[in-house]
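Here is the structure we will look at, set down as structure tokens.
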Amino acid sequence: MFLGTIPNGFFPDEASNAYNAYSIIHTLRDQYGEFLPAYFKSANDYREGLYIYAMVPFIKIFGLNVFGARITSAFIGTLTVLVLYYLTKEFFSQRISLFSALFLAISPWHIQFSRITFRAILFPLLFCLALLFFLRSLKTSKLIPISSLLFAISIYTFYSARVFVPLFMIGLVIIYRQYLIRNKNQTILAIILFTILFIPQFTYQLSPQGMARANEVGLLKDISEITSHYFSYFSPDYLFFKGDPIPRHTIDNMGELYLFEIVTLILGIAGLIKNQVKYKPILILWLFLYPIPAALVSPYSAVRTCVGAPLFAMISGYGIFLLLDKFNGKFKSIIAWASLVIIFASLTIFTEHYFVDYPKLKSDAWLPTFQDVIFEADNSSADCIVISDNIESKYVYILVPFYTQMPAAEYQELEIDVVTDKLDMRRWKVIDFEPYNQGDLPKIEYHLNDNCLYLLHSYRDKNVLKTDKYRWQDIKTFKTIDDEPYYRLVKLIKN
């Protein structure tokens with residue numbers, strides 16, 4: 001629902017994924033001309049290609065547009081709800097499975113990443129699917145290799161999976177070592193399959209390309225700081241009140257979970273501790289490990305810990321079951337209806353925040369109306385169109401081929417490279433506006449031309465370069481949903 005318009009805009013990371021999928025469709029090469037890469041250079045972060053390849057059929061069907069890009073995540077998020085239902089049935093009853101699937105389906109955490117073109121959403125799906133096959137392999141040993149294969153594939157979804165999945169598998173091996181030893185033939189095959197997929201990824205991870213993103217965000221070495229970050233992912237502020245501070249990851253004034261889940265989680269965790277639960281050590285292992293990849297970098301990161309969303313939904317599902325199970329007769333019906341009203345009210349409040357308030361409160365998070373700016377400039381008669389790097393740094397460049405649907409083969413011929421600041425797309429150029437950044441982007445003072453249109457940020461470029469030879473003339477101002485001027489399309493007039 002409203003995937004093409006909410007979140008209101010489209011972020012360069014999303015456009016990069018979508019345009020690479022579009023490029024694969026038409027040329028079998030990524031935007032840099034690499035033939036069917038396993039990792040995509042994109043914004044010099046060498047992101048895993050599995051999500052981008054998953055986008056291919058959707059871009060092919062719906063086209064290169066915002067809806068066509070985001071429908072991939074919506075489909076993956078929906079599948080995750082279904083897989084969680086079957087996974088929860090391995091731990092608990094069908095009734096708890098329904099509760100858990102419901103809580104994931106309405107989870108603010110899960111909804112956020114199911115509606116944007118971030119590849120992290122693929123991680124919970126493949127991890128839950130791999131775990132489902134592992135639990136079933138405890139009854140049917142021939143499924144052990146399939147589970148191992150799925151765990152290996154899940155590593156190719158997102159950075160966090162590279163740390164979380166190997167640690168989780170070590171934990172599984174320790175817990176079920178006797179069973180795995182008894183079924184050594186299936187276990188050996190599983191090890192072989194996992195190794196075949198894991199070694200290339202591990203080797204690549206140690207290469208300069210594989211370490212590019214880690215070097216950019218900076219892995220922590222201070223144990224005390226890592227520990228502090230680790231516990232931040234269990235804090236009430238993160239889970240229930242504030243969430244991730246990055247507006248693209250969480251809406252304002254809400255945690256990753258609903259407030260009513262304070263009760264369901266407490267009951268669920270207490271039940272796990274007190275009661276006999278099948279495969280209890282696995283849930284404890286999952287809960288213990290889920291913050292570790294994120295803690296190595298920063299606190300309060302919803303995207304790096306999104307594998308925790310299904311787990312919390314499962315524990316909440318168990319918690320509400322225990323709550324309802326405490327009562328009998330008429331009072332049980334009252335509690336059930338009260339719970340239903342609270343859940344519905346929470347969902348209603350979240351829906352209003354997400355669809356009404358979120359676009360207004362964080363109108364700049366997704367580069368709103370930038371599509372309109374691109375269309376306006378593209379349909380002009382200007383010889384060149386110069387984009388200020390103050391809009392979203394130099395990475396805004398990828399929105400040009402995305403919105404103009406530039407043919408992939410034509411784009412590859414330009415040899416665009418964000419690393420070397422080669423961002424001259426013939427008619428379109430990204431230029432370094434004041435204050436000047438480090439790097440090799442051309443400076444605005446050397447690209448003053450009265451035959452060009454200039455795309456400026458309304459307040460970051462307010463005091464743009466002044467010269468006696470020219471003056472700026474506004475062609476059109478583009479406003480956000482809350483009527484705030486955000487972009488200016490201007491031209492130079494000779495004095």
Side-chain angles (χ1 to χ4, degrees), residues 1 6-7 74 77-78 80-81 84-85 87-88 92 95-116 120-121 124 128 232-272 283 286-287 290-291 299-303 305-326 334-359 361-362:
M1 185 169 63
I6 297 178
T78 303
T80 308
V81 173
L84 183 68
Y85 168 79
L87 176 60
T88 307
F92 304 106
R95 190 178 173 196
I96 297 173
S97 299
L98 289 170
F99 283 136
S100 300
L102 170 65
F103 286 146
L104 185 63
I106 66 172
S107 165
W109 199 347
H110 189 66
I111 289 174
Q112 185 74 20
F113 293 105
S114 295
R115 295 183 56 86
I116 59 179
I121 190 63
C128 288
S232 74
Y233 292 100
F234 296 102
S235 70
D237 270 353
Y238 175 67
L239 292 176
F240 305 111
F241 298 109
K242 296 180 181 178
D244 188 321
I246 297 177
R248 285 180 295 278
H249 299 169
T250 309
I251 66 174
D252 264 7
N253 302 317
M254 282 197 72
E256 303 304 325
L257 307 173
Y258 291 107
L259 288 176
F260 72 80
E261 290 186 90
I262 295 175
V263 175
T264 56
L265 283 176
I266 289 174
L267 291 174
I269 292 172
L272 285 176
L283 293 177
W286 189 350
L287 186 63
Y290 104 93
Y300 310 122
S301 174
V303 68
T305 54
C306 63
V307 74
L311 172 64
F312 284 110
M314 195 185 303
I315 297 174
S316 279
Y318 182 45
I320 198 166
F321 168 80
L322 293 175
L323 175 65
L324 296 176
D325 203 47
K326 287 180 179 293
I334 294 173
I335 296 297
W337 278 106
S339 299
L340 184 63
V341 168
I342 291 171
I343 292 170
F344 182 76
S346 298
L347 177 60
T348 302
I349 292 170
F350 168 74
T351 301
E352 181 181 6
H353 279 334
Y354 187 86
F355 289 101
V356 179
D357 300 331
Y358 181 48
L361 292 172
K362 293 298 178 182

Task: Atom CZ of Phe344 with >12 non-hydrogen neighbours under 6.0 angstrom - done: no
May I have the list of side-chain donor-acceptor pairs in residues 312-324 shorter than 3.5 Å, sequence neighbours left out?
| residue | atom | partner | partner atom | Å |
| --- | --- | --- | --- | --- |
| Ser316 | OG | Glu261 | OE1 | 2.8 |
| Ser316 | OG | Thr264 | OG1 | 3.0 |
| Ser316 | OG | Phe312 | O | 3.3 |
| Tyr318 | OH | Asn275 | ND2 | 3.0 |

TODO: Determine the interplanar angle of the Tyr354 and Phe350 rings, folded into 0 to 90°, and report it as parallel if under 30°, tilted if 30 to 60°, perpendicular if over 60°.
DONE: tilted
- [ ] Report the residues that fulfil side chain to side chain contact (heavy atoms under 4.5 Å, CB included) with Thr78, sequence neighbours left out, ordered by chain and then residue number.
- [x] none
- [ ] Could you pull out all residues at least two apart from Tyr290 that satisfy side chain to side chain donor-acceptor pair (under 3.5 Å)?
- [x] none
Task: For Glu256 against Asp244, the heavy-atom pair lying closest together - done: OE2-N, 2.9 Å
TODO: Find the distance between CD1 (Ile106) and CG (Leu257) and round it off to the nearest 0.5 Å.
DONE: 10.5 Å
- [ ] Tell me, please, which residues at least two apart from Phe241 pass ring pair (Phe, Tyr, Trp, His ring centres under 6.0 Å).
- [x] none
Task: Residues that Tyr300 engages under ring pair (Phe, Tyr, Trp, His ring centres under 6.0 Å), provided they are two or more places apart - done: none
Task: For the student: nearest non-hydrogen atoms of Arg115 and Pro7, plus distance - done: O-CD, 3.9 Å
Open item on the list: Donor-acceptor pair, distance only, cut-off 3.5 Å: does the side chain of His110 make one with the backbone of Gly77?
Closed with: yes
- [ ] List in chain and number order the residues that pass side chain to side chain donor-acceptor pair (under 3.5 Å) with Tyr85, two or more places apart in sequence or in another chain; answer none if no residue qualifies.
- [x] Gln94
Task: Donor on one side chain, acceptor on other, Thr250 and Gln112, under 3.5 Å - done: no
Task: For the student: nearest non-hydrogen atoms of Phe234 and Leu287, plus distance - done: CZ-O, 3.4 Å
Open item on the list: Using every non-hydrogen atom in the two residues, find where Thr305 and Trp109 come nearest and quote the distance to one decimal.
Closed with: O-CZ2, 3.0 Å
Task: Contact summary for Gly255 and Pro108, nearest pair of heavy atoms - done: O-CB, 4.3 Å
Open item on the list: I need the minimum non-hydrogen distance between Ser301 and Tyr238, along with the two atoms involved.
Closed with: O-OH, 3.4 Å
